[in-house]
Amino acid sequence: MLALAAAQFGYRTHVLCPETDSPASHVATITTQADYTDENALAAFAAAVDVVTYEFENVPASTAAFLEKHTVVRPSWRALEIAQDRAKEKTFFAEIGVGTPPWRGLNTEDDLRKAVGELGCPCVLKTARLGYDGKGQAKIYKPDDIADAWKAIGGAKAKPHADGGPFAVLEGFVNFRCEVSVIVARGVDGVVQAFDATENIHTNHILDRSIVPARIPSSMLFSAVAAAGLAATKLDLVGLLAVEFFITKNGDVLANEMAPRPHNSGHWTMDACETDQFQQMVRAVAGLPLADPARFADVEMKNLIGDDVNGLDQYHGNPHAHVHLYGKREARPGRKMGHVNILKR
Ligand code: AMP
């Protein structure tokens with residue numbers, strides 16, 4: 001989708017990824033299939049392009065740092081490094097005055113016992129790095145669950161990361177009223193533009209639906225938008241930043257995590273906004289002025305997960321339903337195959 005947006009501006013894209021037959025390769029000008037740690041391939045890639053960006057946050061930060069020595073990388077590797085690590089992310093939010101759920105960093109089962117004692121049950125154990133869609137997470141309902149939870153996230157092999165960061169974090173469970181996310185773009189000139197906040201409904205830890213406008217008071221949405229804009233500015237980020245929040249029953253707005261890239265919860269912008277998140281990202285990374293992200297319709301985005309992709313008839317007859325498929329060959333359970341944006345008209 002990013003490559004398609006780039007093509008609208010007349011840009012050619014060169015994709016580097018380890019997979020064969022990646023969805024982006026179907027629409028990019030050139031694809032290099034290489035490991036993210038292959039420095040020869042990375043150097044050749046950097047020499048062939050004007051600017052590098054990423055749309056997947058588990059590209060190693062060291063890869064982005066390597067590329068930054070050879071060419072322009074937007075957003076910078078530093079933003080990626082913070083977003084890849086839950087402990088760094090939460091520390092960053094605290095530094096800029098944005099609230100998060102209470103949390104502790106930990107490296108051993110004893111640390112976990114102590115943290116559960118401090119935060120109370122229920123609570124959620126998460127690996128600090130490389131988790132997404134609920135992977136690398138275990139909920140702890142009572143102290144008896146501690147050993148199993150530790151095992152479930154691979155605690156047997158736990159050790160601090162090379163930079164001293166903790167292997168895992170424990171978070172207090174937030175009995176939230178709803179989850180929202182905000183996507184902001186920040187240009188090379190420091191101008192920030194925000195898309196409307198999105199209400200997100202997860203099923204089995206995977207985003208199922210995004211509803212816009214979010215069904216909560218606008219004062220809470222303003223807080224979320226302000227926090228996301230502040231985060232992008234403090235990171236000195238050029239590109240997109242998506243921040244996910246819990247809205248508590250008291251109306252507190254707590255940051256959960258962030259990603260310096262286009263976000264699934266922003267896919268509705270493709271059919272309901274003057275400019276969408278991909279076009280806005282292309283503008284930012286190419287150094288163009290940002291466009292107006294104004295929304296012109298209420299909208300619901302439904303992810304097409306696994307077999308959902310075989311039930312498209314219900315959308316084909318609806319003139320307000322816009323189906324986007326990613327061209328993935330095989331529909332596996334839990335795999336995001338596409339999405340549909342349904343405009344409320
Ligand atoms: P995450 O990978 O951190 O986005 O977590 C995936 C989903 O699990 C979130 O979108 C929430 O629905 C749920 N979740 C994660 N952390 C917490 C928490 N501390 N309290 C309540 N629910 C959570």
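The residues of the chain are indexed from 1 along the displayed sequence. Note that the coordinates shown come from a computational prediction; the quantities given were computed from them, not determined experimentally.
Using a 4.0 Å cut-off between a side-chain N of Lys or Arg and a carboxylate O of Asp or Glu, R186 and D236 qualify as a salt bridge. Under a 4.0 Å N-O distance rule, the pair R345/D298 does not qualify as a salt bridge. Taking the charged nitrogens against the carboxylate oxygens, D252 and K249 have no contact shorter than 4.0 Å, which rules out a salt bridge. Comment: E89 does not engage R86 in a salt bridge, judged by the lack of any side-chain N to carboxylate O separation of less than 4.0 angstrom.
The two residues V340 and A321 come nearest to each other via the heavy atoms CG2-CB, 4.0 Å. Taking all atoms of both residues into account, the shortest heavy-atom contact from R209 to L207 is O-CD1, 3.6 Å. Heavy-atom minimum distance, G187 versus L290: N-CD1, 3.7 Å. Across L67 and A46, no two heavy atoms sit closer than the pair CD2-CB, 3.9 Å. For L80 against P60, the heavy-atom pair with the smallest separation is CD2-O, 4.2 Å. Contact record, Y11 with L288: OH-CD1, 3.7 Å, taken as the closest heavy-atom pair.
Of the possible donor and acceptor atoms, one in the side chain of S223 sits under 3.5 Å from a partner among the backbone N and O of S219. Formation of a donor-acceptor pair under 3.5 Å by the D145 side chain with backbone atoms of K142 is found in this model. Judged by distance alone, the side chain of R283 and the main-chain N or O of P289 form a donor-acceptor pair under 3.5 Å. In terms of modelled atom types and a separation under 3.5 Å, the side chain of N204 and the main chain of I206 share no donor-acceptor contact. T203 places no side-chain N or O within donor-acceptor distance of the main-chain N or O of D208, the cut-off being under 3.5 Å. Side chain of T91 to backbone of A87: a donor-acceptor contact under 3.5 angstrom is found. Listed for the K328 side chain is a donor-acceptor partner under 3.5 Å among the backbone atoms of K336. Judged by distance alone, with hydrogens and angles left aside, the side-chain atoms of Y36 form no donor-acceptor pair with the main-chain N or O of S62 at under 3.5 Å. Without hydrogens or angle criteria, T233 side chain to G229 main chain gives a donor-acceptor distance under 3.5 Å. Put simply, the side chain of Q33 gets close to the backbone of P18: a donor and an acceptor are under 3.5 Å apart.
Judged purely by distance below 3.5 Å, without hydrogens or angles, the side chains of N107 and K159 never pair a donor atom with an acceptor atom. H26 and D21 are linked by a side-chain donor-acceptor pair at a separation below 3.5 angstrom, with hydrogens and angles left out of the test. Looking at Q279 and Q8, their side chains do bring a donor and an acceptor atom within 3.5 Å of each other. Side-chain contact, S25 with T31: no donor N or O sits under 3.5 Å from an acceptor N or O. No donor-acceptor contact under 3.5 angstrom links the side chains of T108 and D110, judged on distance only. Judged by distance alone, the side chains of N303 and D308 never bring a donor and an acceptor atom under 3.5 Å apart.
Side-chain contact check for P260 versus Y54: some heavy-atom pair is nearer than 4.5 Å. Taking the side chain as every heavy atom from C-beta outward, S210 and K302 never approach each other to under 4.5 Å. Side-chain contact between I211 and I201 is present, with heavy atoms from C-beta onward closer than 4.5 Å. Contact annotation: the side chain of N58 approaches that of L130 to within less than 4.5 Å [non-hydrogen atoms, C-beta and beyond]. Proximity of P293 to T269: side-chain heavy atoms (C-beta onward) are nowhere separated by under 4.5 Å. Residues F246 and P101 meet the side-chain proximity criterion, which asks for heavy atoms closer than 4.5 Å. At a threshold of 4.5 Å between non-hydrogen side-chain atoms, the residues W103 and L170 do not count as touching. Within the 4.5 Å cutoff, the side chain of M258 has heavy atoms near those of the L235 side chain.
More than 12 heavy atoms of other shown residues, nucleotides or ligands fall within 6.0 angstrom of atom CZ in F9. Annotation: K344, atom NZ; neighbour count of heavy atoms from other residues, nucleotides and ligands within 6.0 Å is above 12. Heavy-atom neighbours of F56 CZ from other residues, nucleotides or ligands within 6.0 Å: above the threshold of 12.
Atom CD of residue E257 and atom CD of residue Q84 lie 12.0 Å apart, to the nearest 0.5 angstrom. Within the model, atoms CE of M220 and SG of C178 stand 8.5 Å from one another, a figure rounded to the nearest 0.5 Å. The line from CD of E81 to OG of S76 is 9.5 Å long, rounded to the nearest 0.5 Å. If you take CG on N250 and CZ on F176, they are separated by 14.5 Å, rounding to the nearest 0.5 Å. With values rounded to the nearest 0.5 angstrom, T198 atom OG1 is found 6.0 Å from N200 atom CG. The distance from the CG atom of N318 to the CG atom of D313 is 13.0 Å, given to the nearest 0.5 Å.
Cluster membership for F45 and V27, using ILVMFWY side-chain heavy atoms within less than 4.5 angstrom, is not shared. Two different hydrophobic clusters hold V212 and I247 under the rule that ILVMFWY side chains link at heavy-atom gaps under 4.5 Å.
Here the rule is side-chain contact (heavy atoms from CB on, under 4.5 Å) with L2, and of T13, T53, V285 only T53 fits it. Between H339 and the options H324, H263, H322, a ring pair (Phe, Tyr, Trp, His ring centres under 6.0 Å) holds for only H324.
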Worksheet entry | From CA spacing to verdict: side-chain contact (heavy atoms from CB on, under 4.5 Å), V184, F195 | CA-CA 6 Å; V184 295; F195 290 100; over 6 Å; no
Item to complete: Begin from the C-alpha positions of K157 and F167 and carry the test side-chain contact (heavy atoms from CB on, under 4.5 Å) through to its verdict.
Response: CA-CA 10 Å; K157 291 193 191 137; F167 167 75; over 6 Å; no
Practice prompt. Any chance you could lay out the ring-ring contact (aromatic ring centres under 6.0 Å, His included) test for F278 and H267, step after step, and finish with the verdict?
Written response: CA-CA 9 Å; F278 301 101; H267 286 359; 5.7 Å; yes
Discussion item. Determine whether W268 and L343 satisfy the following criterion, side-chain contact (heavy atoms from CB on, under 4.5 Å), listing intermediate values before the conclusion.
Written reply: CA-CA 9 Å; W268 59 270; L343 301 183; over 6 Å; no
Practice prompt. Under the side chain to side chain donor-acceptor pair (under 3.5 Å) rule, what do H14 and T29 come out as? Steps first, then yes or no, please.
Written response: CA-CA 6 Å; H14 184 155; T29 311; over 6 Å; no
Worksheet item: Run the side-chain contact (heavy atoms from CB on, under 4.5 Å) check on F93 and L254 step by step: do they pass?
Response: CA-CA 10 Å; F93 283 125; L254 303 177; over 6 Å; no
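Residues forming a side-chain hydrogen bond (donor to acceptor under 3.5 Å, both in side chains) with E171 (at least two apart in sequence, or on another chain): K90, K126.
Judged by the 6.0 Å and 45° rule, K139 forms a cation-pi pair with F173.
Screening residues 43-72 for salt bridge (Lys or Arg N to Asp or Glu O under 4.0 Å), with sequence neighbours left out, gives E57-R261.
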